[in-house]
Student: 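A single structure is presented below for examination.
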Amino acid sequence: MPQKDSGKIVAKKGSTFAEALKAAGVKNAIAALVDGAEYDLSTVAKQDTTLEPIFPDSPRGLKILRHSTAHLLAHAVMELFPDARPNAGPPTDDGFYYDIDMKPINQEDLERIEERMHQIASRNIAVERENLSRKELLKLFAWNQYKLDKIMENVPEGESSTVYRQGDFVDFCRGPHVPSTGYLKAFRLLSIASTHYKADENRPMLVRIYGTSFPDEKSLKEFLKNREEALKRDHRKIAQEMDLLVFNSERAPGFPFYTPNGMIIRQELMNFMARLNRQYGWEEVSTPHIYRDVIWKQSGHYAKYKPNMYLFTLSDGDSYGVKPMNCPGHITIFERTPKSYKELPVKYCEPGTVYRYEKSGEVGGLTRPRMFTIDDGHGFMRFDQIVGEVRSIMEMVKATFSGILGHVDMTFDLSEIDKNSPENYLITYHCNRCGTDVEARKAAMEEELVCPSCGSTDLSPDFSTWDTATGQLRQALDEAGLEYAENPGEAAFYGPKIDVHVKDALGRMWQLSTIQVDFFMPTNFGLYYINSESKHDRIVMIHRAIFGSYERFMAILIEHFAGKFPTWLSPLQAYIVPVSEKFNDYAIEVEKFLKGSGIRARADTGTETMNKKIKIIRQMRPSYILVVGEREEQGKSVSVRNRKDKTSVISLEEFQKKLLKEIEECRVEQTL
RNA sequence: GCCGCUGUAGCUCAGCAGGUAGAGCAGCUGAUUCGUAAUCAGCAGGUCGGGGGUUCAAAUCCCUCCAGCGGCUCCA
């Protein structure tokens, strides 16, 4: 059993951390924590040192374990492929990888490498840390340009750094690592991929081997089982089985086509959102999909987004762009009349379909399509209204996910400006000579920023607008009692934002909702309102989406529910099977009765046997299977089989009543 | 876009030391009328992703294009 926190352990001067832990009766530790820094167990205390053991089942320990397993991987590769040149092998969220310059390998090679890793692990070779001077390091790794690059980048002239050695294998590394290869027991190589050195297309291609590692076999098995489950739930596979959508790779690569079944789910989600929007004061509008290029120039999308847009020019010379975003359309509606401060906020929403050209290698399934529909909303408001509106949107977010998933496990990010690189953002600059304020995003400018009134180049960034807006987002989160992570540098260039992540049934986090404050576009479009002093004042826009996109959200729901949608979303709510042809009439009667109240019911009067029908319909994942025969016909009842294969006999009217209630309430669990 | 893998019937896949295609399911026809996870028989279905080349002969070998999948953020 892994040990719990064993309180304070002191390594006496001159003894190793391993000895100290042993003396304290601590077993299974793989490293030690001293003042927040991680150390090898072989570290010798320079003075009496208070340390904390790191166990492999803790987050820190797991990282170390996986990092060591990455070394083991490189070690095995070097034994099998002496020409290989390892680059980098870090731990990741659920395992590790190692990037190696070598000839492409196949699945068999992967198995051989894994086998060799087990061999090396069982040799239980000590993993030893050595401190070497820069010069020694460069000499040691003279054979490997990648390591040389790292040494030169990371070890200043005249300084030293560390390597880790296990037998013949040595790696330039900060560590810490497990004491010996024998600590690595439960690991598995998962896949072969490839990657450019430093993610730069112009640099050489490296083989990336992914793997994972756990403290024990049981956790590994669990992980692999989970992974397999995720594969089984792949939305592309289930969407195929349930006939929800198709892709036609020749006619429209990357564009989803919804079939009638898929459209049912999509439509239900849209209805759900439409209702919520009405409830929270978001008015639905509809905007064109194609615009003259002038609007894209004005919005700034051309400057930043042009390579991802579908553009065309007609024979009369007019150029058009298909919309990659909905905001310009909503702005066009908003600006049709001047607005008084009393009218704000104005909130428009639309299930807005956008088209974005994704490079061929980037498209895939519903998560990266080239066309998707955002449950988009743009609020136009005064500065002082941000907090209230953000809070209201947060309520919508909560209502949405607790309503659809039945529980809410969410995390929040507050993405802020990186004040060290103001040039990347649209901010105000204050002229130090004449006091004029000018707004600019320096990174997008070709010439130096000068004061528009006096021509001075002495301008200082003024973060006050950003600070206020960020403060308002923070306040909204605080007032809602939510915990959140603050991420400097993650803001959009036009304003700070809140991102919402939701956990699915497999424990994966998905970024869904986003709430963004925007100063940029209102400026570009010259949006204003008339304040109480009859003066023009600045409009602030909030962009928000709750599902994100219908496509992506559907994909996530498919995987979350493994296709077994709550009844209100299910394309087939009642599948009716007559016991034999004799009862076809009653089956049709049941179908008609249920359909009459809007239930998606289908009687199968085909010539197959009942058993076969039940078997085949399984992949369509109907909510309920109704078997009807003589008894049911006599008693005007149905034999109901739910998704857990529980059967019950109930009167037809009662069934209809209960089903309607289940649908009406968007119940996640079946009630029958 | 780049790298690797893959592309054979509606679906899942076999065939690939080169000798012009095969199975199961789905579909169609007929028989069967059946109480909760596949009744039986027959039929039909593919210019093997597109194009080019090598060859007497290409699904199979070579080139090229297209598409799908996994990666291309985690840094020693």
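Proteins come first, then strands; the chains are lettered A, B, ... in the order of their sequence lines, and each starts at number 1.
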Student: So for A:Glu250 and B:G68, does any side-chain atom that can act as donor or acceptor lie under 3.5 Å from a complementary atom in the base?
Tutor: no

Student: Output all residues satisfying salt bridge (Lys or Arg N to Asp or Glu O under 4.0 Å) with A:Lys237, sequence neighbours left out; order by chain, then residue number.
Tutor: A:Glu241

Student: Could you check how far CG of A:Leu189 sits from C1' of B:G70, rounded to whole Å?
Tutor: 16 Å

Student: Tell me, please, which residues at least two apart from A:Tyr258 pass ring pair (Phe, Tyr, Trp, His ring centres under 6.0 Å).
Tutor: none

Student: Would you measure the distance from the C1' atom in B:U39 across to the matching atom in B:C34 and give it in whole Å?
Tutor: 9 Å

Student: Roughly how many Å apart are B:A44 and B:G30, using the P atom of each and rounding to a whole number?
Tutor: 16 Å

Student: A:Tyr97 OH to B:C72 P: how many Å, rounded?
Tutor: 8 Å

Student: Would you mind reading off the distance between A:Asp93 atom CG and B:G71 atom P, rounded to a whole angstrom?
Tutor: 14 Å

Student: For A:Arg631, answer base if it contacts any base atom (sugar-phosphate contacts may also be present), sugar-phosphate if it contacts only those atoms, and nothing otherwise; contact means non-hydrogen atoms under 4.0 Å.
Tutor: base

Student: Do the ring centers of A:His71 and A:His75 come within less than 6.0 Å of each other?
Tutor: no

Student: Among residues 573-586 of chain A, which residues get a heavy atom nearer than 4.0 Å to RNA chain B?
Tutor: A:Val579, A:Ser580, A:Glu581, A:Lys582

Student: Rounding to an integer number of Å, can you tell me how far A:Glu608 CD sits from B:C25 C1'?
Tutor: 11 Å

Student: Write down the distance between CZ (A:Arg174) and P (B:C75), rounded to a whole number of angstrom.
Tutor: 9 Å

Student: I want to check a possible cation-pi pair here: A:Lys306 against A:Tyr302, using under 6.0 Å from ring centre and within 45° of the ring axis as the test.
Tutor: yes

Student: Checking all strands, does A:Gly89 fall into the base, sugar-phosphate, or nothing category for heavy-atom contacts under 4.0 angstrom?
Tutor: nothing

Student: Suppose we screen for ring pair (Phe, Tyr, Trp, His ring centres under 6.0 Å). Which residues come up paired with A:Phe493, at least two apart in sequence or across chains?
Tutor: A:Phe520

Student: Between A:Arg66 and A:Asp94, does at least one N-O distance fall below 4.0 Å, as a salt bridge requires?
Tutor: no

Student: If you measure only the distance, is there a donor-acceptor pair under 3.5 Å linking the side chains of A:Ser570 and A:Gln573?
Tutor: no

Student: Which residues in residues 612-622 of chain A have at least one heavy atom lying under 4.0 Å from any atom of RNA chain B?
Tutor: A:Lys612, A:Ile614, A:Lys615, A:Ile616, A:Arg618

Student: Checking A:Asp93 now: which residues fulfil salt bridge (Lys or Arg N to Asp or Glu O under 4.0 Å) with it, not counting sequence neighbours?
Tutor: none

Student: Could you verify whether a donor N or O on one side chain and an acceptor N or O on the other, from A:Gln516 and A:Thr514, lie under 3.5 Å apart?
Tutor: yes

Student: Measuring only the P atom in each nucleotide, how far is B:U8 from B:G51? A whole number of Å is fine.
Tutor: 16 Å

Student: Within this structure, what is the CG-to-P distance between A:Asn308 and B:G1, rounded to whole angstrom?
Tutor: 13 Å

Student: Who passes side-chain contact (heavy atoms from CB on, under 4.5 Å) against A:Lys503, sequence neighbours left out?
Tutor: A:Asp409, A:Met509

Student: Assess, by modelled atom type and distance only, whether the side chains of A:Tyr624 and A:Glu662 contain a donor and an acceptor separated by less than 3.5 Å.
Tutor: yes

Student: With respect to A:Tyr210, which candidate in A:Phe187, A:Tyr97, A:Tyr98 satisfies the ring-ring contact (aromatic ring centres under 6.0 Å, His included) definition?
Tutor: A:Tyr97

Student: A:Asn611 side chain: which of B:A37, B:G68, B:C75 is closest?
Tutor: B:A37

Student: Check whether the side chains of A:Gln166 and A:Thr181 place a donor and an acceptor atom closer than 3.5 Å, and report yes or no.
Tutor: no

Student: Is the phosphate of B:G70 approached by A:Arg236 (side-chain N or O, under 4.0 Å from OP1 or OP2)?
Tutor: yes

Student: Work out how far the C1' atom of B:G10 is from that of B:G52, and round it to whole angstrom.
Tutor: 30 Å

Student: My understanding is that only residues two or more places apart in sequence, or in another chain, count here; which of them pass ring pair (Phe, Tyr, Trp, His ring centres under 6.0 Å) with A:Tyr164?
Tutor: A:His177

Student: Kindly express the pairing pattern of RNA chain B in dot-bracket notation, using | wherever a base pairs with another strand and counting only Watson-Crick or G-U pairs under 3.5 Å.
Tutor: (((((((..((((.....[..)))).(((((.......))))).....(((((..]....))))))))))))....

Student: My understanding is that only residues two or more places apart in sequence, or in another chain, count here; which of them pass ring pair (Phe, Tyr, Trp, His ring centres under 6.0 Å) with A:Phe214?
Tutor: A:Phe223

Student: Between B:U60 and B:G71, how far apart are the two C1' atoms, rounded to whole Å?
Tutor: 29 Å

Student: Any carboxylate oxygen within less than 4.0 angstrom of a Lys/Arg side-chain nitrogen, looking at A:Glu608 and A:Lys615?
Tutor: no

Student: Just how far, in rounded Å, is P of B:C72 from CD1 of A:Ile209?
Tutor: 15 Å

Student: State which residues pass salt bridge (Lys or Arg N to Asp or Glu O under 4.0 Å) with A:Arg60; sequence neighbours excluded, sorted by chain then number.
Tutor: A:Glu38

Student: Under 4.0 angstrom, heavy atoms only, what part of the nucleic acid is A:Val363 near: base, sugar-phosphate, or nothing?
Tutor: sugar-phosphate

Student: To the nearest angstrom, how far is A:Lys359 atom NZ from B:C2 atom C1'?
Tutor: 9 Å

Student: Between B:U32, B:C74, B:A38, which one does the side chain of A:Thr607 approach most closely?
Tutor: B:U32

Student: What contact category does A:Ser161 fall into here, base, sugar-phosphate, or nothing, at under 4.0 angstrom with non-hydrogen atoms?
Tutor: base

Student: Do any N or O atoms of the protein come closer than 3.5 Å to N or O atoms of nucleotides 3-9 of chain B, and which pairs are they?
Tutor:
{"residue": "B:C3", "atom": "O2'", "partner": "A:Ser194", "partner atom": "OG", "Å": "3.3"}
{"residue": "B:C3", "atom": "O2", "partner": "A:Ser194", "partner atom": "OG", "Å": "2.2"}

Student: If each of A:Val628 and A:Ser191 is mapped to the nucleotide of RNA chain B with the nearest heavy atom, which maps nearer the 5' terminus, i.e. the 5' end?
Tutor: A:Val628

Student: In whole Å, measure the gap between the P atoms of B:C72 and B:A38 for me.
Tutor: 43 Å

Student: How is A:Thr609 classified with respect to the nucleic acid when contacts are heavy atoms under 4.0 Å: base, sugar-phosphate, or nothing?
Tutor: base

Student: For A:Glu632, report the nucleic acid contact type (base, sugar-phosphate, nothing); a contact means any heavy atom under 4.0 Å.
Tutor: base

Student: May I ask you to verify if any side-chain N or O of A:Arg641 is less than 4.0 angstrom from the OP1 or OP2 atom of B:A37?
Tutor: yes

Student: When the P atoms of B:A31 and B:A14 are considered, how many whole Å apart are they?
Tutor: 38 Å

Student: For the P atoms, the ones on B:C11 and on B:C75, what distance do you get once it is rounded to whole angstrom?
Tutor: 42 Å

Student: Looking for any heavy atom pair under 4.0 Å, which part of the strands does A:Gln240 touch: base, sugar-phosphate only, or nothing?
Tutor: sugar-phosphate

Student: Specify the residue among A:Asn154 and A:Arg208 whose closest nucleotide of RNA chain B lies further upstream toward the 5′ end.
Tutor: A:Arg208

Student: Assign A:Gly606 to base, sugar-phosphate, or nothing according to its heavy-atom contacts below 4.0 angstrom with the strands shown.
Tutor: nothing

